[in-house]
Amino acid sequence: MRLRNKPWAQKLVKEHPEAILNEPNIDEKINWEERFADFSKPLAIEIGSGKGQFITTLAKQHPEMNFIGVELQTTAAGMILRTKLEEGIDNLQLMCADAANIAYYLPENSVDVLYLNFSDPWPKTRHEKRRLTYKSFLDKYRKVLKPEGHLEFKTDNRGLFEYSLVSLNNYGMKFEHVSVDLHHDEDEIAARNVETEYEHKFAEKGNPIYCLHASFVEE
Ligand SMILES: C[S@@+](CC[C@H](N)C(=O)[O-])C[C@H]1O[C@@H](n2cnc3c(N)ncnc32)[C@H](O)[C@@H]1O
C-alpha cells in the first residue's frame, strides 16, 4: 500500500515529537519510560500499522497495556497520529520507522505481543528478504520479545501465509494457533479478533483470513 503524500500528515508528525518518533537515530537510546505514563504495563507492538484501525482500537480496548505502532510511511503514520490525538489514546506511542531497526529501538525482552497484520507479500523470490516473516526479521523480533511473549500474524495472502509457516518453522518457533479461515472460526481467538483496514476489505470480498500465533523456543 502506497498512500499519496498528504502535507497535513507530514506537518502533524513534525509537530508532535512527544507522540511519534520520526525516523529515530539508531544510535540514540529511546526513553520509553518518559514516553508512557507507566512503562511497566504489558507492551504490544504492531509492525506496519497502515492507517491504524487495529492498533487504535486495541489500545482503547486495553488501557491496562501499552501499545507501539510502527509504520514506514509518514502519511499513514500521520493518520494514526491524528486518531490518537483526537481520541486521547494515551497508552499508544507511534514510530515512523523501518521495522528492520526494531532491535535498536526497543529494549531486549520488553515486548509481550508483536502483531504483523496484512504485511506486504513481496511475491517475487528476489524480494524474499523484504517479507516481514523472513529470518532476519525473526532475529529482531526474538530479541525484543519477552521469553513468554509471542507473535500474532494475519493475512489474506495464501502465498505469504504458506511462506511464513515454513519460515517460522525453520526458525524453530512453536505454533500456538493456526487458522485458515479466522472469520468462520468459533473460538475465543476469533471472538476477540480486531479487524484491520485490509482485513475488512478482503473479508468483505469473501477471501479467507489466515492467522497464526507463534512463540520463540528458549535454547
Ligand atoms: C498492506 S499494508 C497493511 C496495513 C494494515 N496493517 C492493515 O492490515 O490494514 C502494509 C503496511 O506495512 C507498512 N510496512 C511495510 N514494510 C514495513 C517496514 N519494514 N517497517 C514498517 N512498516 C512497514 C507499509 O507502509 C504499509 O502501511
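Only heavy atoms go into these numbers, but all of them, side chains included; no hydrogens, no water, no symmetry mates. Whatever order the structure lists them in is the order used to number ligands and atoms, beginning at 1.
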Any N/O of [X] closer than 3.5 Å to an N/O of ligand 1?
X	result
T196	yes
G48	yes
I47	no

Just by distance, with hydrogens left out, do [X] and [Y] show a side-chain donor and acceptor under 3.5 Å apart?
X	Y	value
N66	Q93	no
E128	Y163	yes
N117	E199	no

Looking only at protein heavy atoms, which one is nearest to [atom], and how far off is it?
atom	result
atom 20 (N) of ligand 1	A99 N, 2.9 Å
atom 3 (C) of ligand 1	F118 O, 3.3 Å
atom 22 (N) of ligand 1	L72 N, 3.3 Å
atom 15 (C) of ligand 1	D120 OD2, 3.3 Å
atom 9 (O) of ligand 1	Y198 N, 2.9 Å
atom 19 (N) of ligand 1	D98 OD1, 2.9 Å

Discussion item. Can you tell me which residue among Y171, F175, Y141 is in a ring-ring contact (aromatic ring centres under 6.0 Å, His included) with F216?
Written reply: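 Only match with F216 under ring-ring contact (aromatic ring centres under 6.0 Å, His included): Y171.
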Worksheet item: Can you tell which part of A97 has a heavy atom less than 4.0 Å from ligand 1: side chain, backbone, both or neither?
Response: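 The part of A97 near ligand 1 is the backbone, not the side chain.
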Item to complete: Would you mind running through ligand 1 and noting each atom that sits below 4.0 Å from a heavy atom of G50?
Response: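 Close to G50: 4 (C), 27 (O).
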Worksheet item: Which atoms of ligand 1 have any heavy atom of E197 under 4.0 Å away?
Response: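 It comes down to these atoms of ligand 1: 9 (O).
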Worksheet item: Can you tell me how far OG of S215 sits from CG of L114, rounded to the nearest 0.5 angstrom?
Response: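 It is 12.5 Å, given to the nearest 0.5 Å.
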Fill in: Under-4.0 Å salt bridge between E162 and R158
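Counted as a salt bridge, because a side-chain N and a carboxylate O are separated by less than 4.0 Å.
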Worksheet item: When you measure from atom 13 (C) of ligand 1 to each heavy atom in E46, E71, Q73, which option holds the nearest one?
Response: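 The residue whose heavy atom sits nearest atom 13 (C) of ligand 1 is E71.
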Worksheet item: Between I209 and F202, what is the shortest heavy-atom contact and its length?
Response: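 That would be CD1-CB, 4.4 Å.
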Worksheet item: Pick one: which of T155, T133, V166 meets side chain to side chain contact (heavy atoms under 4.5 Å, CB included) with F161?
Response: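 Only match with F161 under side chain to side chain contact (heavy atoms under 4.5 Å, CB included): T155.
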Worksheet item: Out of V144, I26, I45, which one pairs with Y105 under the side chain to side chain contact (heavy atoms under 4.5 Å, CB included) rule?
Response: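 Exactly one candidate clears the test, I26.
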